[in-house]
Amino acid sequence: MAASLAGSRIREARLRAGMTQAALAKASGISPSYLNLIEHNRRRIGGRVLNAIAAALRTRPSDLAEGGSPTLIADLRAAVAEHPGAPADADTAEALAGRFPGWAEFVLMLNRQVRDQHAAIRALSDRLAHDPFLSETIHAMLSQITAIRSTAGILARIDDIPALQQRRFHHGIDAESVRLSEAAQALAEYLGAAAESPESAATAEEMLDHFLRRHGYHFDPIDREAETAAAFPAPVAAQRISGLVEDIMAAETADLPVAARSLVRAHLTAYAADAHAMPLRHFADAAARLGWNPQALAAEFGQGVPAVFRRLAVLRRPWIEAPSFGLIVVTASGYPLLRRPLPDFALPRHGNACPLWPLFQTFARPGVVLLERIEHDTGRPFVTLSHAAPRRPPALGEVPDPEAAMLIVAERESPFATAAAARPALAVGTSCRICTRGDCPARAQPQLLR
Amino acid sequence: MAPAIRGENVTQRVLIIEDEPNIADALRFLLTREGFDVAVENDGAKALDRLRDLAADVVILDVMLPNRSGFDILRDLRAGGGTAPPVLMLTAKGQAQDRLTAEALGVTAFMTKPFSNAEVVETVRGLAGA
């Protein structure tokens, strides 16, 4: 019974208020022994006594009287039932929901995440084990490798092979190596296509990536609305923009899990705020006029450099001439918070980025915009602008929680190429696993394909 | 190279049931040099008849074959009773389940692709001498 726990809540509220039982009893007009019975859930209370106790504790009677929400209790019981053998008693769900509703919600949230992640793992595992294309292709590749290995072994170790047989072996190796190349190419294309397919997204971050890629990383309706915002009073404009965010959420994210929806909403909200503060055409004109200088743009619009980086990364449209900027924003531990890759500059999804990227240097020099030339291990030259700043202003005595952002642009279309020209190019990659620079002193992991 | 002898001056026969011509060709060459009399069959449906006609002493059997799988051929071979020859099964899958299936069906030896030439030759010599 929910009401049976009112006593426990009264006791907790009294202790939080720093009152003795005697003091609360006196303030409520009841005897200390009666209050003692109430606090130990041995007396039901309501009406006048409850109101008096609540008034003495400066709280609402409902905060003391109401038990946990029936939905919360039912969800907790269902969650326990999903884990046979868990050392939790379904009968105490009511007590948890009633006394610690926040913790109860937290337990349910963790349970949902565990369930979602199990489903994602099962889906990935199932795909690897049962995907007919993968299975067939790998089988074919192993057969081709077997033929090449056996034949090459014979040619390398046996001298007296008849000429006709030798020719057969050479032709065999030639044919099998062509088939092997084709199979490997087909596999790479298949895996590449799978990575692009929304159905393959297994984590909330991947789902956000798919969502952003599908939209080309920009949201024209939000930008259009933001450009007309000046015509409305500020609260109305903000409401119209947030209404658009909700429209997109409702139309496009209904099928996504809660965690992915939350990431998409956070991204759209930040995008809308940027669009509102730096309306597209106005920003494009200013960018061209100020030589794409992020600090000058930040001053012009009264925004921070990180927001200007985000805006530059989505500026190019069919009707707006702007360089194609890539962008990555990472935490101090290197975890990517935002990725906007370029076609020829992949960005790692789960951290482990190249430690030589200039953006990591900026953590030691927050606030500085660092201009560097880099050469990717594909041989292509880029220019980067990097900047680190606290994610939010730290309170007094609080350790800052910095993030660093790196804006990337191909050198051939970089508006900063001249400024960067005098600098030697840093040799970098995407991440150690796929980087081909064999002699890199910063290598932290072996190359995957070696 | 010492000839592989069956009984009194009879060369031992190996039947390779494998549909990949370049693998079959390499195996045929290697085992012929070892003194075996080697035949190749690339159609799963014809494998059992070929086996009976040849009276092979050792069978090298691929799992994935056109028309009939290596597992089906092995099952029929063992179900036939009598003194069926030892079978070295080759698979490009190498999954634990394939090995268990092959063992349950009475395979004598099991090898995953890609294998080394020396490994195959040693195994076939071992099976022929068994």
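As the structure is a prediction and not an experimental result, all values here were calculated from the model. Each chain gets a letter, A, B and so on, in the order the sequences are listed, and its residues count up from 1.
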For B/Ala26 against A/Ile154, the heavy-atom pair lying closest together:
O-CD1, 3.6 Å
I need the B/Glu18 CD to A/Thr146 OG1 distance, nearest 0.5 Å.
8.5 Å
Passes side-chain contact (heavy atoms from CB on, under 4.5 Å), B/Phe29 versus A/Ile158? Steps please.
CA-CA 11 Å; B/Phe29 178 83; A/Ile158 298 173; 3.8 Å; yes
Can you measure from OG1 (A/Thr151) to CG (B/Leu30) and round to the nearest 0.5 angstrom?
8.5 Å
Pairs involving residues 19-28 of chain B, ordered by first then second residue, that meet salt bridge (charged side-chain N to carboxylate O under 4.0 Å, His left out) (sequence neighbours left out):
A/Arg168-B/Asp25, A/Arg179-B/Glu20
Should A/Ser150 and B/Ile23 be marked as a side-chain contact (heavy atoms from CB on, under 4.5 Å) after you check the CA-CA gap, both sets of side-chain angles, and the distance that decides it?
CA-CA 7 Å; A/Ser150 285; B/Ile23 296 177; 5.8 Å; no
Which pair of non-hydrogen atoms, one from B/Ser116 and one from A/Arg149, has the smallest distance, and what is that distance?
CB-NH2, 3.4 Å
CA sep, side-chain torsions, deciding dist, call: A/Ser143, B/Met64, side-chain contact (heavy atoms from CB on, under 4.5 Å):
CA-CA 10 Å; A/Ser143 288; B/Met64 299 271 279; over 6 Å; no
Tell me, yes or no, whether the heavy-atom count around A/Glu82 atom CD, taken from other residues, nucleotides or ligands under 6.0 Å, exceeds 12.
yes
Taken in chain and number order and not counting sequence neighbours, the residues that satisfy side-chain hydrogen bond (donor to acceptor under 3.5 Å, both in side chains) with A/Thr331 are A/Ser333
So, B/Asn22 side chain and A/Ala147 main chain: donor-acceptor pair closer than 3.5 Å or not?
no
Heavy-atom pair count under 4.5 Å with chain B, highest-scoring of A/Asp160, A/Ile148, A/Ile173:
A/Asp160
What part of A/Gln144 is in contact with chain B, defined as an atom under 4.5 angstrom from a non-hydrogen atom: side chain, backbone, both or neither?
neither
